[in-house]
Every structure is written in structure tokens, then in C-alpha cells.
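Read the numbers this way: they start at 1 and go in the same order the structure lists the ligands and their atoms. By convention here, the first residue in the shown sequence is residue 1.
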Amino acid sequence: MTELELIIDLHKCSERQGPGSESDTLRALDLLNLPTDQIMKVADIGCGTGGQTISLAKNLNGKITAVDLFPEFLDELNEKSHKLGLTEKIVTLEKSMEDLPFDMGEFDLIWSEGAIYNIGFENGLKKWKDYLKVGGHLAVSEITWITQSRPKEIEDFWKAEYPEIDTASNKVKQLEDNGYTLIGYFYLNQESWIENYYEPMIARFETFLKRNGNSELARKVVEEHKSEIKLYQKFKDYYSYGFYLARKN
Ligand SMILES: C[S@@+](CC[C@H](N)C(=O)[O-])C[C@H]1O[C@@H](n2cnc3c(N)ncnc32)[C@H](O)[C@@H]1O
């Protein structure tokens with residue numbers, strides 16, 4: 001297996017592929033205060049195995065197109081949606097978020113948890129806006145500084161990993177500059193990172209290594225994830241995922 005295949009293997013049996021929780025998804029949905037008397041057309045971009053897709057399907061009057069680059073994640077989502085009787089509400093689509101086959105103004109709501117960074121926040125805002133109706137909504141979570149200053153070590157790390165990391169006020173400005181009106185904002189608490197994401201991941205390390213013959217590459221993947229967790233534990237007071245709720249003007 002290649003390193004990417006191993007990363008997919010580590011993450012595919014998980015509820016979520018990034019920090020988040022059902023209560024975060026529902027809080028974001030609540031802030032949007034969407035109409036309930038019409039069937040919404042929704043895209044969930046970078047859905048992974050669909051933790052948030054399932055929550056949306058259960059709590060929204062709508063049909064969701066759940067998009068991800070990796071079929072392994074979409075297979076898991078399809079299986080869950082089948083078991084829960086949600087196949088009428090969820091259709092999966094294997095596509096890159098950079099090259100979506102959607103029509104102009106097709107969607108009432110675009111949702112994306114922990115995924116827009118793959119094409120960059122501002123680029124994503126611009127590209128996806130075309131697929132939204134005027135007055136349609138965007139719900140997107142994005143890595144965000146939660147304080148105005150921070151230690152150099154974490155600043156350097158994120159500037160190298162994802163130079164677009166910024167404060168919420170600057171992210172909101174980007175939304176406004178690109179034709180959206182902010183409806184709400186909150187950031188994910190530490191439980192959404194630790195209890196919901198990192199602890200279940202740590203619990204999977206042993207079986208992941210066994211399944212992959214304890215290979216050098218599999219051990220490297222585990223070590224890299226452990227470093228990410230250590231970094232979060234050390235600097236968790238400085239960054240999180242900000243959840244941005246906005247309307248297209
Ligand atoms: C951090 S995970 C978040 C997954 C899910 N939304 C969640 O919160 O659990 C990012 C997701 O983006 C997907 N992804 C990465 N690059 C992509 C691309 N170019 N197009 C579509 N999906 C992509 C990954 O496969 C992964 O499922």
C-alpha cells in the first residue's frame with residue numbers, strides 16, 4: 001500500500017475524518033434557521049464517511065449530494081445510509097471539489113466540514129458560490145486562530161502546513177468580500193477534537209498496524225498522526241476549526 005492508501009485505511013472505519021461532532025453540526029444547522037416547508041437541495045463537499053451527512057439527512061428536509069475524492073469513504077457512507085434507511089435522502093458522488101459537475105444556482109445549501117482547506121478557503125468560497133442560489137446558504141468549517149497572538153512554534157507549523165490559517169475576523173472579511181453575509185460563527189470545543197476525533201483514532205492504531213503487517217510505512221503514518229495529536233495538546237488554546245454560517249447575497 002502507498003502512504004495515501006494507508007491514511008485512507010486508518011481513517012475509513014471512523015465516524016469522522018476530522019474534528020467535529022453531531023452537536024456541532026446541529027448547532028450550525030440551528031444558526032442557519034432554514035425554512036422547513038420546502039425540500040432543500042444540499043451539497044456536502046468533502047463528506048468523508050459522512051458523519052455530518054447522516055446528521056443533516058436526519059434533521060433537514062432535503063436531498064443531499066455527498067461528494068468526496070475517495071470511493072473508500074463513500075462506500076462507508078453508502079453502507080450507513082442504507083442501514084439507516086436514508087438512501088432516498090443521500091446520493092454520493094466521487095469527484096474532486098475543484099471540479100464539480102454542478103449547475104449555476106443549483107443548491108439551497110452547501111455544507112463542508114473540515115475540507116475546504118483542500119482547495120483553500122477563499123478559492124472554495126469563490127468557486128462554490130456559483131453553485132448556490134441567491135439567498136442560498138453556506139456552512140463551512142475551517143482551521144482558525146482563536147487568539148490574536150500565539151507562540152512562534154505553532155505559528156511556524158501552520159504557516160508551513162496551511163498558510164491561509166487566519167483569525168475569524170479575517171475569515172469573515174473574506175466571506176464578505178466574496179459576496180456572502182455572515183449569519184453565525186462558533187469554534188469547535190476541545191471535546192470535538194479529543195473525545196470525538198483523536199481518542200477514537202488512537203484506539204485504532206494497534207489494529208491498523210496489525211492489519212498492515214506493522215510495516216515501516218504504516219508505523220510512519222501512526223507516528224505522524226501522533227505528532228499531530230501532540231501538537232494539538234500543546235497548542236490547543238490557540239487554534240480550532242471555526243464554523244462559518246453565511247448567506248449568498
Ligand atoms: C478532514 S476530512 C473531513 C471529512 C468530513 N467532512 C468530516 O468532517 O468528518 C477532509 C475530507 O476531504 C476529502 N478530500 C480531500 N481532497 C478532496 C478533493 N479534492 N475533493 C473532494 N474531497 C476531498 C477527504 O477525502 C476527506 O474526506
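Of the listed residues (A115, G46, P71), the one carrying the non-hydrogen atom nearest atom 4 (C) of ligand 1 is G46. Nearest residue to atom 23 (C) of ligand 1 from E94, E72, M97, H11 is M97 (criterion: closest heavy atom). Remark: among candidates R16, Q17, E113, K12, the nearest residue to atom 2 (S) of ligand 1 is Q17, based on non-hydrogen atoms. The closest non-hydrogen atom to atom 13 (C) of ligand 1, taken over L77, D68, L74, T49, comes from D68.
No donor-acceptor contact under 3.5 angstrom links the side chains of W193 and E191, judged on distance only. A side-chain donor from one of T144 and Y244 sits under 3.5 Å from a side-chain acceptor of the other.
Under the 4.5 Å side-chain heavy-atom criterion for grouping Ile, Leu, Val, Met, Phe, Trp and Tyr, L77 is not connected to F70 through any hydrophobic cluster.
Only the backbone of C47 comes within 4.0 Å of ligand 1, counting heavy atoms alone; no side-chain atom from C-beta on gets that close. Under 4.0 angstrom from ligand 1, the non-hydrogen atoms of N118 all belong to its side chain. Within the 4.0 Å heavy-atom criterion, the part of Q52 lying near ligand 1 is the side chain and not the backbone.
Ion pair R150/E155 flagged as a salt bridge, since at least one NZ, NE, NH1 or NH2 atom sits closer than 4.0 Å to an Asp/Glu carboxylate oxygen. K83 and E79 are joined by a salt bridge, as a carboxylate oxygen and a charged side-chain nitrogen come within less than 4.0 angstrom of each other.
Every atom of ligand 1 with a heavy atom of G18 under 4.0 Å away is listed here by number and element: 9 (O).
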